[in-house]
Amino acid sequence: EIRVPKIAVDLMIKIKPPKKPNKISLGKIRDFIVYLRNVLKINIELVTADQFQSAQMLQELEELGFNTAGLSVDRTADAYLSFTNLMYEERIEMYHYEPFKTELFGVVYYPAKRKVDHTSKGSKDVSDAVVGATYSAIKSEDKTDVTGNSLLELFIDANKGSEEDLYEEKVSTMLKGLEKMLRGGL
């Protein structure tokens, strides 16, 4: 049996910005991420941010040993469409969080621009974060690494034999490797 991966959303949080002219402290966000990893021992595979102003925070996190990347879910609808597929296929698990639900159901897809955006009275910070995180998880190269073999190599190896019993054995081995990969290499 081949199973496709499920994604679990462990944490969603909405940060209320301070009153103007003050701004959200990226230093405090950085410290919170470090706290999650170092004190609470939460495994954080990747930290992404979508704004140019976040470059320094990402650089500082990288210096602290985090994997970081820039990610914008504003340029195309790919991340939101991917998230929609996860929901449709029931491959995502998350808890109820009203700010996320409100934002997600308040976004609008603009087919001509191939973009998702919020209405003039809405926001999408939490939904962008969750959609971006799930998109990064789906696109992660880690899921294709099974003890140094790529998924393509597993399929090629499974299809090399000409004898039926050898072929079936290779297919069985390939499927076990694929299942192991989809379970996170356990």
>> If I take atom CD from residue E45 and atom CZ from residue F66, how far apart are they, to the nearest 0.5 angstrom?
In response: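 Nearest 0.5 Å value for the CD-CZ distance: 11.5 Å.
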Please tabulate, for the side chains in residues 21-36, all donor-acceptor contacts under 3.5 angstrom to protein atoms that are two or more places apart in sequence or on a different chain.
from : atom 1 : to  : atom 2 : distance (Å)
S25  : OG     : G27 : N      : 3.4
S25  : OG     : K28 : N      : 3.1
R30  : NH1    : E60 : OE1    : 2.4

> Under the side chain to side chain contact (heavy atoms under 4.5 Å, CB included) test, which residues partner M87, sequence neighbours left out?
Replying inline: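 With neighbours one apart ignored, the set is F83, I92.
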Does [X] sit in a hydrophobic cluster with other residues, and if so which ones, taking ILVMFWY side chains as linked at heavy-atom separations under 4.5 Å, directly or through other members?
X    : result
L71  : Y135
V108 : Y110
L46  : none

> What pairs of residues pass the side chain to side chain donor-acceptor pair (under 3.5 Å) test when at least one of them lies in residues 91-101, not counting sequence neighbours?
Replying inline: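 Listed once each, the pairs are K6-E93, E89-R91, H96-E98, E98-T102.
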> Does anything in residues 106-117 pair up under salt bridge (charged side-chain N to carboxylate O under 4.0 Å, His left out), and if so which pairs, sequence neighbours excluded?
Replying inline: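 Qualifying pairs: D78-R114.
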[X]: side chain to side chain donor-acceptor pair (under 3.5 Å) partners, not counting sequence neighbours:
X    : value
D125 : none
K14  : E103
R37  : none
S54  : none

> Is R75 salt-bridged to D50, going by a charged N under 4.0 Å from an acidic O?
Replying inline: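 Answer for the salt bridge query: no.
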> Any side-chain heavy-atom pair from N67 and I44 closer than 4.5 angstrom?
Replying inline: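 Answer no - side chains too far apart.
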